[in-house]
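Bear in mind the structure is a predicted one, so any value in this text is a computation, not a measurement.
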Amino acid sequence: MHPQWQSHLQPWLDGPEGKALRSFLAHELRAKKTIYPPMPLVFHALELTSLSDTRVVILGQDPYHGPGQAHGLSFSVPCDQAWPPSLRNIFQELHTYYPLERKPHGDLSSWAKQGVLLLNTILTVEHKKPASHHKQGWEQFTLKVIQLLSERKEPLVFCLWGAHAQSYKKWIAPHHFCIESAHPSPLSAYRGFFGSNPFGKINSFLKKQKKPPIDWRDLAYTDHLFRMA
């Protein structure tokens, strides 16, 4: 992770809760269980977006649990992967307000590099077992991240999609801007995610703060037929 994050978070990782979490992960790996994302990418979100550069937080739940999908950024997948349903709905909502001329890859790294922290509340998962690493310590780690960001004097944007992400709102200071809606998953997207225009709301807020908006269309594009399955 970026040194700015590490200086604040390493004490937690070296403390009792962090050691228990590392012990759990080591046990799972010794048991030959497949864990996503690969260990070198677990803190990828905190590597691409430093503490001081963070302007927007998009809070997910846990990583994708299929082969090759998770790479440490919430809702994002590597360029060679098909769009999971939640990401497909995110792009559909994005396209409504920011038309995409070509079909993008699912890698959202360009957003992260603009100051959008794409953070899951649980940073690892077992193959084909969603929420399998729930209550193993990651939620407390993420809370430390949220608290560090909440202490920032300059207002930030927190995008809280779904009840799980919204449960962190009580830890966010009132001078920050929270955008709340349904989660983009197929089970809930039509209950308030579609039409919520989070991307426009984020940029409108940033402009009021005299900060440059996020270029949401700054994505890697493909010129061939992209598999949607």
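- Linking ILVMFWY side-chain heavy atoms closer than 4.5 Å, directly or via other members, places W161 and V57 in two distinct hydrophobic clusters.
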Yes or no on side-chain contact (heavy atoms from CB on, under 4.5 Å) for H133 and F24, after CA distance, side-chain angles and deciding distance?
-> CA-CA 9 Å; H133 290 184; F24 164 75; 3.5 Å; yes
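- Under the 3.5 Å distance criterion, the side-chain polar atoms of Q69 are matched with a main-chain donor or acceptor of G66.
- A perpendicular orientation is assigned to the rings of H176 and F158, their planes being inclined by more than 60° (bins at 30° and 60°).
- No donor-acceptor pair closer than 3.5 Å links the side chain of R88 to the backbone N or O of P186.
- To the nearest 0.5 Å, atom CG of residue L21 and atom CG of residue L123 are 8.5 Å apart.
- Without hydrogens or angle criteria, E93 side chain to N197 main chain gives a donor-acceptor distance under 3.5 Å.
- Ring orientation note: the planes of Y36 and H127 are nearly perpendicular, at an angle over 60° on the 30°/60° scale.
- The neighbour count for K144 NZ, taken as heavy atoms of other residues, nucleotides or ligands under 6.0 Å away, does not exceed 12.
- Nearest heavy atom pair, residue S76 against residue G106, reads OG-O, 3.3 Å.
- Put simply, I214 and I90 are part of the same group of oily side chains (I, L, V, M, F, W, Y) that touch within less than 4.5 Å, one to the next.
- Counting heavy atoms from C-beta outward, L46 and L9 have side chains that approach closer than 4.5 Å.
- Within the 4.5 Å cutoff, no side-chain heavy atoms of Y168 are placed close to those of V145.
- For the pair R55/P212, a side-chain contact is recorded, criterion being any heavy-atom separation below 4.5 Å from C-beta on.
- K103 has its side chain out of reach of F91: every pair of non-hydrogen atoms, C-beta onward, lies at least 4.5 Å apart.
- How far CG of L100 is from CG of L94: 5.0 Å, rounded to the nearest 0.5 Å.
- Rounding to the nearest 0.5 angstrom, the gap separating the CG atom in D62 from the CD atom in E126 is 12.0 Å.
- Of the inter-residue distances, the one linking S110 atom OG with L48 atom CG reads 10.5 Å to the nearest 0.5 angstrom.
- Each salt bridge (Lys or Arg N to Asp or Glu O under 4.0 Å) pair with one or both residues in residues 25-40, not counting sequence neighbours, appears once here: E28-K33.
- No donor-acceptor distance shorter than 3.5 angstrom exists from the side chain of T142 to the backbone of E139, with no hydrogens or angles considered.
- Heavy atoms only, all atoms of each residue included: L149 and L51 are closest at CD2-CD1, 3.7 Å.
- Residues H71 and D107 meet the side-chain proximity criterion, which asks for heavy atoms closer than 4.5 Å.
- A donor-acceptor contact shorter than 3.5 Å links the side chain of Q4 to the backbone of S52.
- Looking only at side-chain heavy atoms (C-beta outward), N120 and V125 stay at 4.5 Å or farther from each other.
- A donor atom on one side chain and an acceptor atom on the other are found under 3.5 Å apart for N203 and Y98.
- Aromatic rings from H183 and F193 are positioned such that their centres are separated by 6.0 Å or more.
- A distance-only check finds no donor-acceptor pair linking the side chain of H65 to the backbone of A131 [under 3.5 Å].
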Check step by step if ring-ring contact (aromatic ring centres under 6.0 Å, His included) holds for F199 and H95.
-> CA-CA 10 Å; F199 308 104; H95 182 75; over 10 Å; no
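- Shortest non-hydrogen contact noted between Y64 and L87 is OH-CB, 3.8 Å.
- With T54 contributing its side chain and S50 its backbone, the two residues share a donor-acceptor pair below 3.5 Å.
- Separation of atoms OG1 (T49) and CG (L119) is listed at 9.5 Å; rounding is to 0.5 Å.
- Judged by distance alone, the side chain of Q166 and the main-chain N or O of S181 form a donor-acceptor pair under 3.5 Å.
- With a 4.5 Å cut-off on side-chain heavy atoms, Q136 and T124 do not count as touching.
- The closest side-chain donor-acceptor pair between W171 and S150, if any, does not fall under 3.5 angstrom.
- Other residues, nucleotides and ligands contribute over 12 non-hydrogen atoms within 6.0 Å of the CD atom of E154.
- Both I58 and V157 are part of a single hydrophobic cluster, where members link through side-chain heavy atoms under 4.5 Å apart.
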Using the side-chain contact (heavy atoms from CB on, under 4.5 Å) rule, take L206 and V56 through it: C-alpha gap first, then chi angles, then the decisive distance, then the call.
-> CA-CA 9 Å; L206 291 175; V56 178; 4.3 Å; yes
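- Applying the ring pair (Phe, Tyr, Trp, His ring centres under 6.0 Å) test to residues at least two apart or on different chains, the pairs with a partner in residues 1-23 are W12-F141.
- Taking hydrophobic clusters as Ile, Leu, Val, Met, Phe, Trp and Tyr residues chained together by side-chain heavy-atom distances below 4.5 Å, L13 does not share a cluster with L41.
- When hydrophobic clusters are built by joining Ile, Leu, Val, Met, Phe, Trp and Tyr residues whose side-chain heavy atoms come closer than 4.5 Å, directly or via intermediates, W111 is grouped together with F177.
- Summarising the geometry of P155 relative to F205, their closest heavy-atom pair is CB-CZ, 3.6 Å, with the distance given to 0.1 Å.
- Summarising the geometry of A70 relative to P37, their closest heavy-atom pair is O-CB, 3.5 Å, with the distance given to 0.1 Å.
- Centroid-to-centroid, the aromatic rings of W216 and Y97 stay 6.0 Å apart or farther.
- When all heavy atoms of D14 and K19 are compared, the closest pair comes out as O-CE, 3.0 Å.
- Note that OG of S204 and CD of Q209 are 10.5 Å apart. Values are rounded to the nearest 0.5 Å.
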